[in-house]
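Predicted model, so just to flag it, every value in this text is computed and none were measured. Residue numbers begin at 1 in each chain, while the letters A, B, ... track the order of the sequences. These numbers come from the heavy atoms of this one structure, side chains and all, not from hydrogens, waters or symmetry mates.
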Amino acid sequence: MDSSDLKNSCDNAFYESLFRSLAPTIRNFLTYKYRDAERAADMVQEAFLTLWKNCEKVMPDMAKAYLYRVAQNQMLKLVDKDKVRHKHMPFVSKTTHNEDPQFQMEFSEFDLQIQNAINQLSDGQREVFLLNRIEKKTYNEIAEMLEVSVKAVEKRMHKALLKIREVHKSI
Amino acid sequence: MTDKINDSEDFLAKWLNGDLTDQERDAFELSDEGSAYKNIISSVDKIDMPEYNVEAELMKLKANRKTSSVPETKVIRFSSIYKYAAAAVIILSVSLAYYLTRPAYIVYETLAGQIENITLPDQSIVTLNGNSRLRFNPDKFDENRHLLLDGEAFFEVTKGINFEVETDQGTVKVLGTSFNIWNRNDLLDVVCYTGRVNVTKKSFTKDLIPGDGVRIDNGAFKSTWVKQFKQNKPVWITAGITELENVTLEEALNELNNVFGITVKSLPEIDSRPFTGNFPNNDAAAAIKLILRADNIEYQYDSTNKKLVLLGIKSQ
């Protein structure tokens, strides 16, 4: 939708279209880093509520960055409180057939080992790796999202793969 | 091959992105390592995330939005309306009495970014900077050249009797001459350009000769300095530049308001940081950058509504 005429983010149609386009991505983004899909969904709710409360102050083209920041800050607050973090990535397998979830690929022993290795990556590595592999974001897009250089993204990708290979080798 | 991968910082990232040369790629993919990585990638490509029901989540959000923003109901008791009415009557009568008896001041007031040239009855010239206010009583101006200033102004005073400018931070007495007064909030800076100027505040008094500057902070003497200038007028008049020396960021942001009329929503931890620097008076975006960039402060600027919101200090 064209947001250029809006002065702030209080327009309901704008707000809803923002939710539809961004909520799934932000939820996945948070899950990649913090491994908790339910909590991530709650944080998306929180972030959008905060945006609504402050909508007069947030310009439409700033709304996206604002949401990411608020959601991440909320998540960080909670994660700090959780001393124990033995969460596992809530991976599911891709459906091969769009209409019928029955046709799911089955995970092999090898797949589960790889997923276990992904769990052991550092938060930063896992975030970059899954944004690229699952979300299909380019290195450029990831760099922009995380406010780091493309070079840093490439290094994290490289390290993530090395580590997965290493963990898997040692099994 | 293993060495090549381990020595590099980004070989695998480049491979995955198709950034290797054909030769490099073929050599890698035909090696044992290469095929191991290919297997890893095809395994990862089976992964998906649990479903996220956007519409259901949006419904939930709308419900939350309602409950979290219940409007406050305010109960005004009838008796309290009388209190307000009584207060209003008192305020009105006091202000009416003041209005009828007050001296007939002439008041010059400038808006943000507006500079006004004023010729006083004695032919002295005052250049009033933006967001400033100058008052004097014309009836008594012949016998007592006394003015009240709130803001910033440059004075070119003709010879004659006593010339005094009073600010809430101190009084500047002139001994025939030109000088600049900058009085914003608790700070008062006086710089003498020609002739001699005397600055007085309670027991503190100082004579300034051309180039001398003095600062009074919250009613107390703070510092003196010697200023180099090419022209005998301040740069806000000659070059359209705002100069700030040893002020807090709060003061610097306040100048943005004076020059551009920008309202600023700042943060307490940022306000007290020190600032020294200049900015052009014709480019708001550049001015904001010059003030905030040095400290890595993140901000949003809405140029249509002239609103600047500071978000925090960017971590390195």
- Message: Quick check: do A:Leu162 and B:Tyr37 have side-chain heavy atoms less than 4.5 Å from each other?
- Response: yes
- Approximate separation, where rounding is to 0.5 Å, of B:Ile40 CD1 and A:Ile114 CD1: 4.5 Å
- Most contacts with chain B, counted as non-hydrogen pairs under 4.5 angstrom, among A:Tyr66, A:Phe110, A:Phe129, A:Phe48: A:Phe110
- Is there side-chain contact between B:Ile47 and A:Ile118, with heavy atoms separated by less than 4.5 Å? yes
- For A:Lys137, does the NZ atom have more than 12 heavy-atom neighbours from other residues, nucleotides or ligands under 6.0 Å away? yes
- Query: Could you give the distance from OG (B:Ser42) to CG (A:Asp111), rounded to the nearest 0.5 Å?
  - Reply: 8.0 Å
- Given a strict heavy-atom distance threshold of 4.5 Å, which part of A:Lys151 is in contact with chain B: side chain, backbone, both, or neither? side chain
- Item | Contacts of type ring pair (Phe, Tyr, Trp, His ring centres under 6.0 Å), residue A:Tyr68, not counting sequence neighbours | A:Phe29
- Straight-line distance of B:Arg65 CZ to A:Gln45 CD, nearest 0.5 Å: 11.0 Å
- Query: Looking at CD1 of B:Ile5 and NE2 of A:His158, how far apart are the two atoms once the value is rounded to the nearest 0.5 Å?
  - Reply: 7.5 Å
- Quick one: pull up NZ in A:Lys136 and CG in B:Asp45 and give me the separation to the nearest 0.5 Å. 4.5 Å
- Message: Is A:Ala23 in contact with chain B via its backbone, its side chain, both, or neither, using a 4.5 Å heavy-atom distance?
- Response: both
- Message: If you count heavy-atom pairs within less than 4.5 Å of chain B, which of A:Glu154, A:Met157, A:Lys159 leads?
- Response: A:Glu154
- Task: Using a cut-off of 6.0 Å, state whether more than 12 heavy atoms not belonging to A:Gln120 lie near its atom CD.
- Result: yes
- Sub-4.5 Å side-chain heavy-atom contact between B:Tyr52 and A:Thr31: no
- Message: I'd like to know whether CD of B:Glu269 has more than 12 heavy-atom contacts from other residues, nucleotides or ligands below 6.0 angstrom.
- Response: yes
- Task: Report yes if some heavy atom in the side chain of A:Glu56 is under 4.5 Å from a heavy atom in the side chain of B:Lys307; otherwise report no.
- Result: no
- Note on the structure: Separation between CD (A:Gln113) and OG (B:Ser43), nearest 0.5 Å, reads 9.5 Å
- Query: Within a strict 4.5 Å, meaning less than it, do heavy atoms of the B:Lys46 and A:Phe91 side chains meet?
  - Reply: no
- Query: Heavy-atom distance under 4.5 Å between the side chains of B:Pro50 and A:Arg27, does that happen here?
  - Reply: yes
- Message: Taking atom CG as the centre, does B:Asp32 end up with more than 12 heavy-atom neighbours from other residues, nucleotides or ligands that are less than 6.0 angstrom away?
- Response: no
- Query: Side chain, backbone, both or neither: which part of A:Arg20 has an atom under 4.5 Å from a heavy atom of chain B?
  - Reply: both
- Task: Run the salt-bridge test on B:Glu33 and A:Arg165 with the 4.0 Å N-O cut-off and return the result as yes or no.
- Result: yes
- Note on the structure: Cut-off 4.5 Å, heavy atoms of chain A, and the answer for B:Glu51 is backbone
- Task: Can you tell which part of A:Ile134 gets under 4.5 Å to a heavy atom of chain B, answering side chain, backbone, both or neither?
- Result: side chain
- Item | Residue B:Lys60 versus chain A: region with a heavy atom under 4.5 Å | both
- Using 4.0 Å as the upper bound for N to carboxylate O, is an ion pair formed by B:Lys62 and A:Glu16? yes
- Message: With a 4.5 angstrom heavy-atom cut-off, is it the side chain or the backbone of B:Asn39 that approaches chain A, or both, or neither?
- Response: both
- Check each atom of A:Val153 against the heavy atoms of chain B and say whether the ones under 4.5 Å are side chain, backbone, both or neither. neither
- Query: Using non-hydrogen atoms and a limit below 4.5 Å, what part of residues 13-22 of chain B faces chain A?
  - Reply: B:Ala13, B:Lys14, B:Leu16, B:Asn17, B:Asp19
- Could you walk me through whether B:Asp10 and A:Tyr139 pass the side chain to side chain contact (heavy atoms under 4.5 Å, CB included) check? CA-CA 12 Å; B:Asp10 55 9; A:Tyr139 298 161; over 6 Å; no
- Item | Portion of A:Glu46 that has a non-hydrogen atom of chain B nearer than 4.5 angstrom | neither
- Which of the residues B:Asp302, B:Leu58, B:Val309 is involved in the greatest number of heavy-atom pairs with chain A at under 4.5 angstrom? B:Leu58
- Can you say whether A:Arg69 sits under 4.5 Å from chain B via the side chain, the backbone, both, or neither, judging by heavy atoms? side chain
